[in-house]
Number of protein chains: 2
Amino acid sequence: MTPDLLTAWQAYQRMRVLLNGRINRELGRETGLSEADYDILFFLEQSTQTSVRSVALRCGLAWEKSRLSHQLRRMEQRGLIEKAPGAVIRLTDKGRAQIAAARDCHEAAVQRYLGDVLTAEQLAALATISGQVVARLHQDAPPHGD
Amino acid sequence: MTPDLLTAWQAYQRMRVLLNGRINRELGRETGLSEADYDILFFLEQSTQTSVRSVALRCGLAWEKSRLSHQLRRMEQRGLIEKAPGAVIRLTDKGRAQIAAARDCHEAAVQRYLGDVLTAEQLAALATISGQVVARLHQDAPPHGD
DNA sequence: TCAACTTAGTTGATACATCAACCCCGAGCT
DNA sequence: AGCTCGGGGTTGATGTATCAACTAAGTTGA
């Protein structure tokens, strides 16, 4: 492991842990939603259709099936979504309201911690780097797992 | 939120989720250690002293106290560490053996998914970006919390 | 027709993360 | 002395993530 790689890895790890901790905490405190909640609601809201099949969620979020199942059960109990027959998921009015509020909070955080700090070149570099790593992950253990 | 920022954020998020999931899964499968276990054991092993006070762990890892307490309890039950009076933590032989094995696995993964994929410039850019974001996080909500 | 296979989804067990509430002890103050 | 106060550490409750085992429904093929 070269020093460059070690340095980059440790710096990345630190950013990952701190940045995500911070955003999750802000989101939870201000909106009562977890990151998992947010991801689900955001996907449903962005979707052009009014209802989405579970499998589309699983695909789009790259989640395990059991994780999704548990999460959807909890969210249904809280009234954020509803399940229709045929493994179809729909946003409730409450869910729609919460994601709208949360999006502002979330985008503000991303702007504050990334947008305000990085140059356009750095943003582009981050996107490129991420894309390359993700491509490597896909090529390396493709079957279907994660 | 500019398109550049959105793109970078989404790409980063995807990398973060997939890369970390993959590394954690490999680590768990091949060594039986979680990321949390690894962080603790790595810190203890790197430490020059044979024993470390809890508070040093909390500081070095930037963990919440309750998180550390729960984690140390579980690890003591599994025989990876032992607690001495005075909030002192020590690696057991078993713990020392496991972290040695895990380090190889972990470094191989980092090499495979980052080192083999990114150029030296990209590694440097990633380190710089991470450093800037972390600095922003510290300046923004410094007290001592997270 | 029926049996072996896939794939979507659920469930239960276990581990992990976070919050709030608590215990303990030593530093400072009256 | 007796006090409070703050920090280190623990605990319990709750939400979250992962794995393994299971159900159910559709496919293929003998």
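Here the structure is a predicted model, which means the values were calculated and not measured. Letters A, B, ... mirror the listed sequences (proteins, then strands); counts begin at 1.
Looking only at distances, no side-chain donor or acceptor of B/Ser51 sits under 3.5 Å from a matching main-chain atom of B/Ile89.
Pairs engaging residues 110-135 of chain A under the salt bridge (Lys or Arg N to Asp or Glu O under 4.0 Å) rule: A/Glu26-A/Arg112, A/Arg112-B/Asp140 [sequence neighbours left out]. Pairs engaging residues 4-32 of chain B under the ring-ring contact (aromatic ring centres under 6.0 Å, His included) rule: A/His106-B/Trp9, B/Trp9-B/Tyr12 [sequence neighbours left out]. Residue pairs satisfying the salt bridge (Lys or Arg N to Asp or Glu O under 4.0 Å) criterion with at least one member in residues 79-88 of chain B, sequence neighbours excluded, are listed as follows: B/Glu82-B/Arg90. Within the structure, salt bridge (Lys or Arg N to Asp or Glu O under 4.0 Å) pairs that include any residue of residues 95-104 of chain A comprise A/Glu45-A/Arg103 (at least two apart or interchain). The stretch residues 6-20 of chain B participates, sequence neighbours left out, in these salt bridge (Lys or Arg N to Asp or Glu O under 4.0 Å) pairs: A/Glu35-B/Arg16.
Note on B/Ser34: a side-chain N or O is less than 4.0 Å away from OP1 or OP2 of C/dC16. Taking side-chain N and O atoms only, A/Arg67 has a distance below 4.0 Å to OP1 or OP2 of D/dA17.
At whole-Å resolution of the value, CG in B/Leu27 and P in D/dT18 are 14 Å apart. Rounding to whole angstrom units, CZ of residue A/Arg73 and C1' of D/dG15 are separated by 11 Å. If you measure from atom CG of A/Leu33 to atom C1' of D/dT16, you get 14 Å, rounded to the nearest angstrom. Atom CZ in A/Arg78 sits roughly 8 Å away from atom P in D/dG15 (whole-Å rounding). One atom, CZ of A/Arg25, and another, P of D/dT16, lie 15 Å apart when rounded to the nearest Å. When the C1' atom of C/dC16 is taken as reference, atom CG of A/Asn24 falls 14 Å away, rounded to whole Å. Between B/Glu64 atom CD and D/dG7 atom C1' there is a gap of 15 Å when expressed in whole angstrom units. In this structure, CE of A/Met75 is placed 14 Å from P of C/dT10, rounded to the nearest angstrom.
Remark on DNA chain C: of its neighbouring residues A/Gly21 and A/Lys65, the 5'-side contact belongs to A/Lys65, judged by nearest-heavy-atom nucleotide. Each of B/Leu72 and A/Gln71 was matched to the nucleotide of DNA chain D holding its nearest heavy atom; the match closer to the 5' end belongs to B/Leu72.
Remark: the B/His70 side chain and the D/dG12 base include a donor-acceptor N/O pair separated by less than 3.5 Å.
With respect to A/Arg78 and A/Asp37, a salt bridge is recorded, a charged nitrogen being found less than 4.0 Å from a carboxylate O.
The nucleotide whose nearest atom lies closest to any side-chain atom of B/Val55 is, among D/dT16, D/dG8, C/dT10, D/dG8. Of the candidates D/dT11, C/dG9, D/dG8, the closest approach to any side-chain atom of B/Ser66 belongs to D/dT11.
Counting non-hydrogen atoms under 4.0 angstrom, A/Asp37 reaches the backbone sugars and phosphates but no base.
A heavy-atom distance below 4.0 Å to DNA chain D is reached by these residues of residues 43-54 of chain B, ordered by number: B/Ser54.
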